[in-house]
Structure formats: structure tokens, C-alpha cells
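Quick note: residue numbers are just sequence positions, from 1.
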Amino acid sequence: MGGKCPSRKVKKRRFSHKTARRDKFLLKGDDLVYDELQKSDTEKKPLPRDEDLPGMGQYYCLHCDRYFANSTVRDEHFKTKRHKKRLKQMSGPAPHTQLDAELAAGMGMPDNGLALMSM
């Protein structure tokens, strides 16, 4: 008797399945969601019908960037701690962008100080 443990294969399969599923539903970044929230009501468009999305793409949470199968599931999501935390985060100051990260790393516009006066 002996040999490899059969559960090793199962764990590996589960991990790859989870990563494939996670990659299937990529979320927008915080800065993109924040920009969508700042748009006025006239700029916002109604949700298009899409067969590939849950609920034909009609039940959407803008703050969390998630689609839901029906309105009851979406309404339950609105009561969760995760949604309330995200709502508070998006109502605060603007999140960091790529430009902020580049400036912090020293890769942004050069700062040469005050311009010298020529005589």
C-alpha cells in the first residue's frame, strides 16, 4: 500500500478552478468606479441586455461593479457589510490613480524648481 495521497490532485484542481473563475469576472478598479459615480444622471445610459451576464445584465451594483441574477439577490447584497463598506469608500475622497503612483515613484513630470531670471 502506499503511494501519493489522492487529495493532492483534488486541491490542485480546486485551485485552478478558482483562479479560472476569478479571472472570468474581472472587476473595475476603484478609480474607474469612482469616475462612473461622478457622472451626472444625463450622462448615464440604461443597462444594455447581455445574455452572457447574470440576469441579462439588468441587475447591477455600480459601487461594487457586480451583476446579479435577479432583483431580490441584488437587494440582499445592498444589506451586506461588504456593500456598505464599498459605499462608504466611494463616497469619500477620490482613490489613487496610476498618475499618483508614478509621481510617488519619481517617474512623473520633473520638478526643476523655480525658473531662473535672465538678465
Side-chain angles (χ1 to χ4, degrees):
M1 303 242 273
K4 292 184 180 179
C5 177
S7 64
R8 290 183 68 172
K9 295 177 186 175
V10 173
K11 286 181 183 177
K12 187 173 184 179
R13 185 169 11 107
R14 264 193 223 138
F15 179 72
S16 64
H17 171 72
K18 285 182 181 179
T19 55
R21 184 149 174 86
R22 198 177 311 130
D23 292 343
K24 184 178 180 182
F25 300 106
L26 291 177
L27 299 177
K28 292 180 189 174
D30 292 344
D31 53 340
L32 294 176
V33 173
Y34 187 81
D35 292 341
E36 284 287 324
L37 289 171
Q38 299 306 316
K39 288 184 179 178
S40 64
D41 292 334
T42 57
E43 295 176 13
K44 293 180 182 175
K45 303 173 192 167
L47 294 172
R49 296 181 78 79
D50 189 0
E51 295 179 4
D52 296 333
L53 296 173
M56 300 286 284
Q58 298 302 302
Y59 308 105
Y60 179 66
C61 175
L62 183 62
H63 298 94
C64 302
D65 187 41
R66 288 185 61 190
Y67 289 94
F68 298 96
N70 53 34
S71 60
T72 54
V73 176
R74 185 190 59 195
D75 294 340
E76 287 295 320
H77 163 75
F78 289 153
K79 298 175 187 175
T80 61
K81 185 185 281 188
R82 184 181 211 178
H83 174 76
K84 290 177 184 176
K85 186 176 181 180
R86 183 78 171 180
L87 188 68
K88 186 176 179 181
Q89 179 185 8
M90 288 296 139
S91 65
H96 298 290
T97 61
Q98 182 63 33
L99 179 63
D100 295 338
E102 289 175 358
L103 290 173
M107 296 170 42
M109 300 284 291
D111 184 17
N112 295 333
L114 298 173
L116 299 175
M117 294 175 45
S118 60
M119 293 194 179

**Q.** Residues that Lys81 engages under salt bridge (Lys or Arg N to Asp or Glu O under 4.0 Å), provided they are two or more places apart
**A.** none

Q. Can you name the salt bridge (Lys or Arg N to Asp or Glu O under 4.0 Å) partners of Asp30, sequence neighbours left out?
A.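 Partners of Asp30 by the salt bridge (Lys or Arg N to Asp or Glu O under 4.0 Å) criterion, ordered by chain and then number, come out as Arg86.
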
**Q.** Residues that Phe68 engages under side-chain contact (heavy atoms from CB on, under 4.5 Å), provided they are two or more places apart
**A.**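 Phe68 satisfies side-chain contact (heavy atoms from CB on, under 4.5 Å) with Tyr59, Cys61, Arg66, Val73, Arg74, His77 once adjacent residues are dropped.
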
Q: Only counting residues at least two apart or in another chain, list the ones meeting side-chain contact (heavy atoms from CB on, under 4.5 Å) with Leu37.
A: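 Result, side-chain contact (heavy atoms from CB on, under 4.5 Å) vs Leu37: Val33, Leu62, His63, Met90.
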
Q: First locate atom SG of Cys64, then atom CD of Gln89, and finally report the distance between them rounded to the nearest 0.5 Å.
A: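 Those atoms lie 9.5 Å apart.
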
Q) From Leu53 CG over to Asp50 CG, what is the distance, rounded to the nearest 0.5 angstrom? A) 4.0 Å

(Q) Among residues at least two apart in sequence or on other chains, which ones pass ring pair (Phe, Tyr, Trp, His ring centres under 6.0 Å) with Tyr34? (A)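 None.
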
(Q) List the residues meeting side-chain hydrogen bond (donor to acceptor under 3.5 Å, both in side chains) with Thr72, not counting sequence neighbours, and say none if there are none. (A)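 For Thr72 the side-chain hydrogen bond (donor to acceptor under 3.5 Å, both in side chains) partners, ignoring immediate neighbours, are Asn70.
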
Q. With Glu36, which residues qualify under side-chain hydrogen bond (donor to acceptor under 3.5 Å, both in side chains), at least two apart?
A. Lys39

Q) Cut-off 3.5 Å, side chains only: do Asp65 and Tyr60 have a donor facing an acceptor? A)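 Note: Asp65 and Tyr60 side chains meet the donor-acceptor criterion.
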
